[in-house]
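These notes concern the structure reproduced below.
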Amino acid sequence: MFLHKAYCRFSLLYPTLCPAPPPPLRSLPHGGGLFCSPPLRVPNSLRFRRTRHMRSHAASSAPSRLARLVPFASAAESGAADPNGSPAPTSLPLEDEESLSLGGYRLPPKEIRDIVDAPPLPVLSFSPQRDKILFLKRRSLPPLSELARPEEKLAGIRIDGNYNARSRMSFYTGIGIHSLTDDGKLGPEQEVHGFPDGAKINFVSWSRDGRHLSFSIRVDEEDNNSSKLRVWVADVESGKARPLFQSPDIFLNAVFDNFVWVNDSMLLVCTIPISRGAPPKKPLVPSGPKVQSNEQKNVVQVRTFQDLLKDEYDEDLFDYYSKSQLVLVSLDGTMKPVGPPAVYTSIDPSPDDKYILVTSIHRPYSYIVPCGRFPKKVELWTTTGKFVREICDLPLAEDIPIAFNSVRRGKRSINWRPDTPSTLYWVETQDGGDAKIEVSPRDIVYMESAEPINGEQPQVLHKLDLRYGDVGAMMVVGGSGSDDIVDVSDVVLVFMRGISWCDDTFALVYESWYKTRRTRTWVIAPDSKNVNPRILFDRSSEDAYSDPGSPMMRRTQAGTYVIAKIKKQDEGTYILLNGRGATPEGNIPFLDLFDVNTGVKERIWESDREKYYETVVALMSDYTDGELPIDQLRILTSKESKTENTQYFLQAWPDKKLFQITNFPHPYPQLASLQKEMIRYQRKDGVQLTATLYLPPGYSPTKDGPLPCLVWSYPGEFKSKDAAGQVRGSPNEFAGIGPTSPLLWLATGFAILSGPTIPIIGEGDEEANDRYVEQLVASAEAAVEEVIRRGVAHPNKIAVGGHSYGAFMTANLLAHAPHLFCCGISRSGAYNRTLTPFGFQGHGALCRLVILPFESHGYSARESIMHVLWETDMWLQKYCVENSDQSTDLHSSSGESQNSSENKAVSATGSVPDHESTQEDGFYSTTSCCIPHLPSIKCYTQQQICYKKVVATLNEFEILSKAAAVAVPTTFVIYPISAECILW
């Protein structure tokens, strides 16, 4: 969760964090760091990933704590169509049993609906000079009609052919500009104007001098289609906007990269080739059979990807939509085509504006991996379009090993060094990309001038025995378990930083190894061969308490970002380390003045510990080159509490005076006085656990008695018990409520146990999943016992739920510990790795299957989200709130609670009642857990949402229904994209 929040905070500063679709899948180590620059000078791979993965997340996530402002629309009322054009769903009484079998989209109770329909608040973006702020205005949830638009599924990505960009792009509806004074006061809003009414705005970015904005515009047309994207520019002082190109026939191609400022008055734009004709037509008769062979007997193991190319027609269609013509265009409309049309995936100008690093993919394509692994060519051009040289041409990468930390062979993470005019750096693996091969060094980082002189060879910058990139800043895309999931085709590792540059005497290099969770930070002198590298930090990425923080970055006049050096009276080399400050009492963020040479730290700022949670968002005095005097330091901070929304402040040294910038209203005042507490308890094996307990406003355990409770979680894997037991998060953070958040049920009188830690620990050579069920059940038992002990939860009215891996958790808890929970809710889970035919089998248990058309791993449309909430509320009311008040012994096994031979269950310890029943029901025991196993049955792993006692994929009902046929009914609700979709 920290990475998501960190990302949102940086969206305040970096205007490229605007609505956009997800990228092709790939593993992308790079050297930009979390504090990388806006689109002017972001390293190649980082800019591309950020504009793809993260923009849609930030722009579509209404509850973002960092993007709040005064609401600008009213919530839709019950029974009426919402402002975005969604049809009005019906809302039937829960007691109407016949309504459960009727079709149509439904609405949850008004208490929940009012929170979800609350208008979103604008996203903020600061100018490069930090003297202006953009208010990027947004709409509410999109209608289902937008998701229903035709899309082409090609090479792991989805393209809307009407506007020639990724499908389902969210967007902004308007741009407001405010001046920002040194004392934090905002000037009156200057509305950007001149574009058509109802325009959909994407890819907003500042020019380097802060005088202009660039963005794309599209408008709705007839037949629910959208026009192609055009590039517009706006004058910041006047707010007047106009098309960048004088010709109305030039459109943006935003399938991969889109456009970038080359200098203050010129942009490089990916355009649809003017000579492009109509899309290729699918032949009625194929040209021949589909053939895949392995005559070389290579070992090729790849993950299961979705939306891959299937035939030659798909290849042609992929080329048709993804090929771009690069065009260099000035603000006065003068334009020049640059290079031939090709599938350009990234364009990255050098800091001195003399060169462009151009990345493209080309044939031969693949039918088993997505486009991120297609042959890739990286070339160096001048900004006038003259070819300089080829950096590399990597072959098709179908054989990247599936082991963690395995990478592509050849040059990777090719980027501009941000502290020099035009120096390239990259990394090359020495183990053939295979993490299972032991070799030293494992990676070598190289550096080279854009145009080497007299045959100059690349310089070895540093040798690494672990994998280049910081595992401490790593995240898994597509499996975070939160309600706002980026829709991707695979679970991939994204390394957030490889090198943090400062100057010719100082840089930080990061390396890590996932299996051991080890991460190391090196200090190097890039241009001093006589200075040996040395280790600055060597620690476990799981050890939150030892995290020293990340270096604060400053913006250079070239538009790049480098580590900020701080000047004191002595001659030391000082930097600022911005940390989360994990402690046994919760996170207490800090800012340390750190002497790189001696390791001595001085804490110059720290969050309030008692009532508020504060963080350092960014450095605001960062535009001056050279060392920054400590008494001229200015930072942007955020401040929030359990009940007070996040606000932003300027803080200036030396007196550290605070100037409040924002005054956001509470987004859901009806829950303004909710009760929140970070609780601690212990698992039976001694592991310390934590959770956040939310209670409805005004609730008193002694006065009101125990409540129905919803436990919502997501397991985590660890290599040590000590790390697993560390406290993460803060008791003082504001309670953000998303459109599918379990906290919505606070409004209906539930207690919510949010994020109880469920560590799955594999110490030493043991893998975490070796004792998955045992540790899962033990963690759940500890959580349930704690909320019952506190008197806030009724023992027979506790439900469990989760998303993605949390759905897998829910299925296993209901199968292996049915004595703990009265019902369950699983969203978008996958429950084993075998394949079964599509189908719905109840096997005598009460089951419910609901399929949401057009949705993906996370849910987007208002109709879909409202119906998910209706289904959830209906099931919680019927099988949790109205469940029997008869007391239950939590420690009785599921086997002991059943007398019927037809209702066999797996006990909480993972054992089965007897060997005979194991064989009969198709189970077998391995180590300490019992795993469903039917060798002859295959199971598609689909996107879904599941309910009640046993939760499974579309095709796993048969297996898990038998596994947990208990006294209470068994019900499933599953939401796949389509019958043929395979997520993992």
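All residue numbers in this chain count up from 1 along the given sequence.
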- request: Give me the ring orientation class for W261 and H212: parallel if the planes are under 30° apart, tilted from 30 to 60°, perpendicular past 60°.
  value: tilted
- request: State whether Y320 and R276 meet the cation-pi test: NZ (Lys) or CZ (Arg) under 6.0 Å from the six-membered ring centroid, and within 45° of the perpendicular axis.
  value: yes
- request: Give the minimum heavy-atom separation between L229 and S216, together with the two atoms involved.
  value: CD2-OG, 3.4 Å
- request: Hey, could you give me the OG/CZ distance between S366 and R373, rounded to the nearest 0.5 Å?
  value: 9.5 Å
task: Can you measure from CD1 (I250) to CD1 (I274) and round to the nearest 0.5 angstrom?
output: 5.0 Å
field: Shortest non-hydrogen contact between S360 and Y344, atoms and distance
entry: CB-CD2, 4.0 Å
message: Between R555 (side chain only) and T560 (backbone N and O only), is there a donor and an acceptor less than 3.5 Å apart?
response: no
- request: Using the salt bridge (Lys or Arg N to Asp or Glu O under 4.0 Å) rule, take R408 and D399 through it: C-alpha gap first, then chi angles, then the decisive distance, then the call.
  value: CA-CA 9 Å; R408 189 173 193 160; D399 58 348; over 6 Å; no
- request: May I ask you to check whether Y446 and Y425 place their ring centres under 6.0 Å from each other?
  value: no
message: Under a 3.5 Å distance rule, please check whether D431 uses its side chain to pair with a backbone N or O of V439 as donor and acceptor.
response: no
query: For the salt bridge (charged side-chain N to carboxylate O under 4.0 Å, His left out) test, which of R389, R417, K411 pairs with E448?
result: R389
With Y367, the side chain to side chain donor-acceptor pair (under 3.5 Å) member among E315, K290, K310: E315
message: Parallel, tilted or perpendicular: which one describes the rings of F404 and Y514, with boundaries at 30° and 60°?
response: tilted
query: At their closest point, which heavy atom of S287 faces which heavy atom of E312, and how far apart are they?
result: OG-OE1, 3.5 Å
- prompt: Mind checking whether F203 and F215 have ring centres under 6.0 Å apart?
  reply: no
- request: Would you check if the distance from the ring center of W501 to the ring center of F506 is below 6.0 Å?
  value: no
message: The criterion is side chain to side chain contact (heavy atoms under 4.5 Å, CB included); which residues satisfy it with D434, sequence neighbours excluded?
response: P401, S406, K436, I437
- prompt: In Å, rounded to the nearest 0.5 Å, how long is the span from CD1 of I402 to CZ of R303?
  reply: 6.5 Å
query: In Å, rounded to the nearest 0.5 Å, how long is the span from CD1 of I444 to CH2 of W426?
result: 11.5 Å
Atom pair CD1/CG of I391 and L357 - distance to nearest 0.5 Å: 6.5 Å
